[in-house]
There are 2 protein chains.
Amino acid sequence: MTRRDEVLAVAEAVLEAEGPDALTMRRLADEMGMQAPSLYKHVRGKEDIEAGLQERALRALGEAIAPAGGGLLELATAYRVWALAHPRLYGLATGRPLHREALTPGLETATAAPLLAIVGGDEHRARALWALVHGLVDLEIARRFPPGADLDRTWRTALEVFSRPA
Amino acid sequence: MTRRDEVLAVAEAVLEAEGPDALTMRRLADEMGMQAPSLYKHVRGKEDIEAGLQERALRALGEAIAPAGGGLLELATAYRVWALAHPRLYGLATGRPLHREALTPGLETATAAPLLAIVGGDEHRARALWALVHGLVDLEIARRFPPGADLDRTWRTALEVFSRPA
DNA sequence: ACCTGAACACCGTTCAAGT
DNA sequence: ACCTGAACACCGTTCAAGT
């Protein structure tokens with residue numbers, strides 16, 4: 001556990017518990033018992049922290065959906081459950097451009113592998129499926145569906161459309 | 001054109017041209033030839049400005065997709081074109097909770113009407129379609145698809161899945 | 001190698017005061 | 001009714017200085 005990883009762990013906890021506004025350099029420093037300028041000895045800046053959180057998010061999401069049994073429903077459910085359990089982290093990893101240059105090579109592909117596998121290796125269908133699942137999760141996290149909407153049913157309907165054979 | 005609407009028009013222009021970080025009270029005041037505290041005579045605060053921008057976004061998006069001919073492809077294309085032309089405004093209106101209490105009554109429903117119509121009035125299918133289209137647009141705006149991805153083809157594939165009869 | 005205090009150029013917002 | 005200057009409690013980041 002390097003000092004940088006400690007910063008990232010604290011950052012993830014603060015982000016998830018109190019939201020992006022609470023994720024400030026001064027707050028992280030405080031949490032680690034140091035002054036804000038000292039953070040820059042362990043981390044390049046706030047962008048660097050966000051890049052690190054994206055890496056952690058992809059890794060965790062990938063692990064969450066990988067062991068899901070072969071079915072589309074299982075995969076989608078695992079995706080949904082993880083995203084709803086880590087909404088801010090999920091948003092950080094999908095709602096803005098990836099810091100790809102800072103990512104462990106192959107991580108992006110590895111995370112997406114279960115999606116690709118379930119559509120038989122067709123990358124276009126995999127992207128369409130990703131968009132569907134991401135859209136559902138994103139709108140649910142942002143509470144953008146109408147207040148009374150039955151989201152379980154929305155998910156079921158959406159997945160039925162996708163599982164219908166070509 | 002009330003003074004509040006002037007603020008919103010300036011805010012939209014700044015947001016779309018330079019991104020959310022440029023959207024500051026001081027910048028807006030400057031653009032209008034006044035000091036930052038004076039803005040509070042025309043607008044309740046930054047939240048109020050964001051609520052006003054959401055209203056403008058929904059109205060404009062609704063107008064953009066309403067006249068699209070009956071086809072799913074036309075509707076989805078109009079949605080995509082508008083969103084890509086106003087990416088930050090689109091994000092403001094879909095990437096965070098709606099300030100529903102500040103919205104013109106019926107606007108949310110009116111904006112969604114074309115989506116609902118095209119699936120024959122089935123609200124669950126309408127939400128699934130919205131999630132799909134939103135997911136595609138959101139990931140495209142955030143440049144989250146792999147660098148070389150053929151997004152036109154992704155859209156085509158996604159819409160084919162949806163148009164297949166039940 | 002790691003940490004500090006002071007500083008710089010910013011934020012959103014409040015408030016007394018002016019016209 | 002509208003605008004201002006000063007102020008408050010914040011930001012991210014740099015830098016000289018200490019150990």
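Chain letters run A, B, ... following the sequence lines, proteins first, then strands; residues in each count from 1. Everything quoted here is computed from the prediction, not taken from an experiment. All heavy atoms count here, side chains included; hydrogens, waters and symmetry mates do not.
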*Considering residues at least two apart in sequence or located in another chain, which fulfil the ring pair (Phe, Tyr, Trp, His ring centres under 6.0 Å) criterion with A/H42?*
none
Below 4.0 angstrom, N of the basic side chain to O of the carboxylate: do [X] and [Y] qualify?
| X | Y | answer |
| --- | --- | --- |
| B/E63 | B/R59 | no |
| A/E123 | A/R127 | yes |
| B/D21 | B/R88 | no |
| A/R144 | A/D138 | no |

Determine the minimum heavy-atom distance between [X] and [Y], stating which atoms define it.
| X | Y | answer |
| --- | --- | --- |
| A/V43 | A/R4 | CG2-CG, 4.1 Å |
| B/A66 | B/P114 | CA-CG, 3.9 Å |
| A/Q54 | A/P97 | NE2-O, 3.2 Å |

*For the residue pair B/R125 and A/V161, establish whether any side-chain heavy-atom pair is separated by less than 4.5 Å.*
yes
*Atom CG of A/L15 and atom CD1 of A/I49: how far apart are they, to the nearest 0.5 Å?*
11.0 Å
Please enumerate all protein N or O atoms sitting under 3.5 Å from an N or O of nucleotides 9-11 of chain D, with distances to 0.1 Å.
from	atom 1	to	atom 2	distance (Å)
D/dC11	N4	A/R26	NH2	3.4

*All stems with DNA chain C, defined as three or more consecutive Watson-Crick or G-U pairs under 3.5 Å*: C:4-8 with D:12-16, C:12-16 with D:4-8
_Side chain of A/R3 only, heavy atoms from C-beta on: which candidate in C/dC3, D/dC3, C/dG5 is closest?_
C/dC3
In whole Å, I'd like the distance from the [atom1] atom of [X] to the [atom2] atom of [N].
| X | N | atom1 | atom2 | result |
| --- | --- | --- | --- | --- |
| A/L39 | C/dC2 | CG | C1' | 12 Å |
| A/D48 | D/dG12 | CG | P | 14 Å |
| A/Q35 | C/dC2 | CD | C1' | 13 Å |
| B/R4 | D/dA1 | CZ | C1' | 18 Å |
| B/Y40 | C/dG12 | OH | P | 7 Å |
| B/M32 | D/dT4 | CE | P | 11 Å |

Protein-nucleic acid N or O pairs under 3.5 Å, nucleotides 15-19 of chain D:
none

*Counting only side-chain N and O atoms of A/H42, is one of them less than 4.0 Å from OP1 or OP2 of C/dA1?*
no
*Which of residues 7-17 of chain B have a heavy atom under 4.0 Å from DNA chain D?*
none
*Between A/H86 and A/W82, how do the two ring planes meet: parallel, tilted or perpendicular, split at 30° and 60°?*
parallel
*Which of parallel (below 30°), tilted (30 to 60°) and perpendicular (above 60°) describes B/H134 and A/H134?*
parallel
_Residues forming a side-chain hydrogen bond (donor to acceptor under 3.5 Å, both in side chains) with B/R3, sequence neighbours excluded_ = B/E6
